[in-house]
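Worksheet: one structure, shown below.
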Amino acid sequence: MSNIGETLHGLPLFRRGKVRDTWEAGDDLLMVASDRVSAFDVILPTRIPDKGIVLTQLSRFWFDRLGDIVPNHLITTVLPDASDRLPPDLVADPDLANRSMLVRRAERIDVECVVRGFLYGSVWSEYQREGSVAGVPLPAGLRFADRLPEPIFSPALKVDDGHDVNVSAVAVADRFGVEVAQELERISLALYGRATAHAEQRGLILADTKFEFGYIDGRISLIDEVLTPDSSRYWDARLYEPGADQPSFDKQFVRDWLASSGWDREPPAPELPTDIVLGTQQRYRDAFRAITGAEMAEYRS
């Protein structure tokens, strides 16, 4: 998908993110997942073919399976089904097929609701330093990548221009109120539990993930993407080895190459070599197949 300007077939731009561009569609929004990839908070010049399709169709898969836990914003990923709401040229645009979600507008709750089931990533240093994760005390002697005794709600306050700020559940309550904070934690843990059970059946480990929520008609609802390789860390259960780095179905392959390239993590980022592009593309496709049990073609509209 090529770069686009401030309008899309007449729809005005609502927000441009690192991966998704969101457009105003009357009372609704159209979210288009590009093939852009970011690392270390920088958008790379190289695209990963079909990445946006994987993200959109995996979100569709999960939204369909989590609606009994919490409402969500998805209307459809099949643009012809929304021909009464969208410009005809947009509906017929092949560049938008399979990578677009028509969604209901929501009043975003500015907290990233992270759930961690394993001692991995950025929280490892907190555990080494303080013996806790997100302020929750943990037993001594846990190894890197060990399964946690119980999944932990590890929120971060959203910052549009900069790094999100990791905080405790108490800080979320202070900002949004105890009732809202408790509900966000309850829903997040329930979603993670449902997804973890499905992942285990598919031979995967869902190490951690993040959810975003907003208010739709006064109800807390699941928004943005959900349980994709961009927002979640999936491991192959057959390869899991506590105490070591774990290979994952995501853009870590890109991060590892960038880390070894000598790049100083300041824009502009270097172009990715072909083998890294193809390897990353395959990891996203493998994630889709492993999670859904289907080929991507079965989800195309």
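Keep in mind that the numbers below use all heavy atoms, side chains included, and drop hydrogens, waters and symmetry copies.
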Quiz item: Any cation-pi pair here, R283 with F253, using under 6.0 Å and within 45°?
Solution: yes
Quiz item: Which residues satisfy the salt bridge (Lys or Arg N to Asp or Glu O under 4.0 Å) test with D174, sequence neighbours excluded?
Solution: none
Quiz item: What is the minimum heavy-atom distance between P268 and W263, and which atoms define it?
Solution: O-NE1, 3.4 Å
Quiz item: Could you walk me through whether L138 and V133 pass the side-chain contact (heavy atoms from CB on, under 4.5 Å) check?
Solution: CA-CA 7 Å; L138 292 174; V133 167; 3.5 Å; yes
Practice problem: Please answer: with hydrophobic residues joined when any side-chain heavy atoms are less than 4.5 Å apart, are I220 and L191 in the same cluster? | Solution: yes
Quiz item: Would you say the side chain of M31 lies within less than 4.5 Å of the side chain of S59, judging by non-hydrogen atoms?
Solution: no
Self-check item: Presence of salt bridge, D41 and R265, under 4.0 angstrom
Solution: no
Self-check item: Residues in salt bridge (Lys or Arg N to Asp or Glu O under 4.0 Å) contact with R175, at least two apart in sequence or another chain
Solution: none
Quiz item: What heavy-atom pair brings G293 and R202 nearest, and what distance separates the two atoms?
Solution: CA-NH2, 3.1 Å
Quiz item: Who are the side chain to side chain donor-acceptor pair (under 3.5 Å) partners of E200, not counting sequence neighbours?
Solution: none
Quiz prompt | Pairwise distance CG(N72) to OG(S221) - rounded to 0.5 angstrom | solution = 7.5 Å
Quiz item: Side chains of P71 and I216: does their closest heavy-atom pair fall under 4.5 Å?
Solution: no
Self-check item: Among E212, E225, K210, side chain to side chain donor-acceptor pair (under 3.5 Å) partner for S231
Solution: E225
Quiz prompt | Derivation of the side-chain contact (heavy atoms from CB on, under 4.5 Å) call for R47 and R36 | solution = CA-CA 5 Å; R47 304 293 187 256; R36 297 192 295 266; 3.5 Å; yes
Quiz item: So, does Q246 use its side chain to make a donor-acceptor pair with the main chain of E241 at under 3.5 Å?
Solution: yes
Quiz item: For W124, what residues pass the side chain to side chain donor-acceptor pair (under 3.5 Å) criterion, not counting sequence neighbours?
Solution: Q128
Quiz item: D110 and F176: which non-hydrogen atoms are nearest, and at how many Å?
Solution: O-CZ, 3.8 Å
Exercise. Report, as yes or no, whether the 6.0 Å neighbourhood of atom CZ on R129 holds more than 12 heavy atoms from other residues, nucleotides or ligands.
Key: yes
Exercise. Please tell me if the side chains of L96 and H9 come closer than 4.5 Å, counting only heavy atoms from C-beta onward.
Key: yes
Quiz item: Any Lys/Arg nitrogen of E295 or R285 sitting under 4.0 Å from an Asp/Glu carboxylate oxygen of the other?
Solution: no
Quiz item: In the single-linkage hydrophobic clustering (I, L, V, M, F, W, Y; side-chain heavy atoms under 4.5 Å), do F40 and V37 co-cluster?
Solution: yes
Quiz item: Okay, side chain of E126, backbone of A134: is any donor-acceptor separation there less than 3.5 Å?
Solution: yes
Quiz item: Between atom CZ of F211 and atom CD of E112, what is the distance when rounded to the nearest 0.5 Å?
Solution: 11.5 Å
Exercise. Determine which pairs satisfy ring-ring contact (aromatic ring centres under 6.0 Å, His included) with at least one residue from residues 217-241, sequence neighbours left out, and list them in order.
Key: F118-W235, F118-Y240, Y120-W235, W235-Y240
Quiz item: Which residues satisfy the side chain to side chain donor-acceptor pair (under 3.5 Å) test with Y284, sequence neighbours excluded?
Solution: D230
Quiz prompt | Results of ring-ring contact (aromatic ring centres under 6.0 Å, His included) for H198 - residues two or more places apart only | solution = F61, W62
Quiz prompt | Flag if over 12 foreign heavy atoms under 6.0 Å of CG, D27 | solution = no
Quiz prompt | Gap separating the CD1 atom of I69 from the CD1 atom of I187, nearest 0.5 angstrom | solution = 9.5 Å
Practice problem: Scan residues 64-84 for pairs that pass ring-ring contact (aromatic ring centres under 6.0 Å, His included), counting only residues two or more places apart or in two chains. | Solution: F63-H73
Quiz item: Quick one: salt bridge (Lys or Arg N to Asp or Glu O under 4.0 Å) partners of D275, sequence neighbours excluded?
Solution: none
Self-check item: Nearest-0.5 Å distance, CG of residue D35 to CD of residue Q281
Solution: 8.5 Å
Practice problem: Answer yes when R105 and D217 have at least one side-chain N-carboxylate O distance shorter than 4.0 Å, and no when they do not. | Solution: no
Quiz prompt | Salt-bridge present (R194, D68; N to O < 4.0 Å) | solution = yes
Quiz item: Can you hop from I223 to W23 via hydrophobic side chains spaced under 4.5 Å?
Solution: no
Self-check item: Atom pair CG (L90) and CG (L30), whose distance is rounded to the nearest 0.5 Å
Solution: 6.0 Å
Quiz prompt | Heavy-atom side-chain proximity of S188 to F213 below 4.5 angstrom | solution = yes
Exercise. Could you tell me the separation between the CG atom of L142 and the CG atom of L119, rounded to the nearest 0.5 Å?
Key: 6.0 Å
Exercise. Verify side-chain contact (heavy atoms from CB on, under 4.5 Å) between R116 and V114, making sure each step is shown before the conclusion.
Key: CA-CA 7 Å; R116 303 181 186 275; V114 181; 4.0 Å; yes
Practice problem: Mark yes or no for whether T56, through its side chain, and R99, through its backbone, hold a donor-acceptor pair below 3.5 Å. | Solution: yes
Exercise. Provide the full list of salt bridge (charged side-chain N to carboxylate O under 4.0 Å, His left out) pairs with a residue in residues 71-88, sequence neighbours left out, each pair given once.
Key: D28-R85
Self-check item: Candidate list V54, I53, T228, test side-chain contact (heavy atoms from CB on, under 4.5 Å), partner F288, passing option
Solution: V54
Self-check item: Pairs satisfying salt bridge (charged side-chain N to carboxylate O under 4.0 Å, His left out), at least one member in residues 243-260, at least two apart
Solution: none
Quiz item: Is there a donor-acceptor pair closer than 3.5 Å between any side-chain N or O of S261 and the backbone N or O of L258?
Solution: yes
Quiz item: Where do L272 and I48 land on the side-chain contact (heavy atoms from CB on, under 4.5 Å) test, with the steps shown first?
Solution: CA-CA 10 Å; L272 299 177; I48 305 299; 4.2 Å; yes
Quiz item: For the side chain of S260 and the backbone of W257, is there at least one donor-acceptor N/O pair under 3.5 Å apart?
Solution: yes
Quiz item: Quick one: are P270 and L44 in side-chain contact, heavy atoms under 4.5 Å?
Solution: no
Quiz item: Is the count of non-hydrogen atoms from other residues, nucleotides or ligands lying under 6.0 Å from E271 atom CD greater than 12?
Solution: yes
Exercise. Could you pull out the closest heavy-atom pair between F144 and G121, with the gap in Å?
Key: CE1-N, 4.0 Å
Quiz item: Is there a donor-acceptor pair closer than 3.5 Å between any side-chain N or O of T7 and the backbone N or O of G10?
Solution: no
Quiz prompt | Summary of ring-ring contact (aromatic ring centres under 6.0 Å, His included) pairs that have at least one residue in residues 82-109, sequence neighbours excluded | solution = none
Self-check item: Cluster link L227 to L55, ILVMFWY, side chain under 4.5 Å
Solution: yes
Quiz item: If Ile, Leu, Val, Met, Phe, Trp and Tyr residues are connected whenever their side-chain heavy atoms lie under 4.5 Å apart, and connections chain through other members, are L13 and I43 in the same group?
Solution: no
Self-check item: For L74 against V103, the heavy-atom pair lying closest together
Solution: CA-CG1, 4.2 Å
Quiz prompt | Shortest non-hydrogen contact between L206 and Y192, atoms and distance | solution = O-OH, 2.6 Å
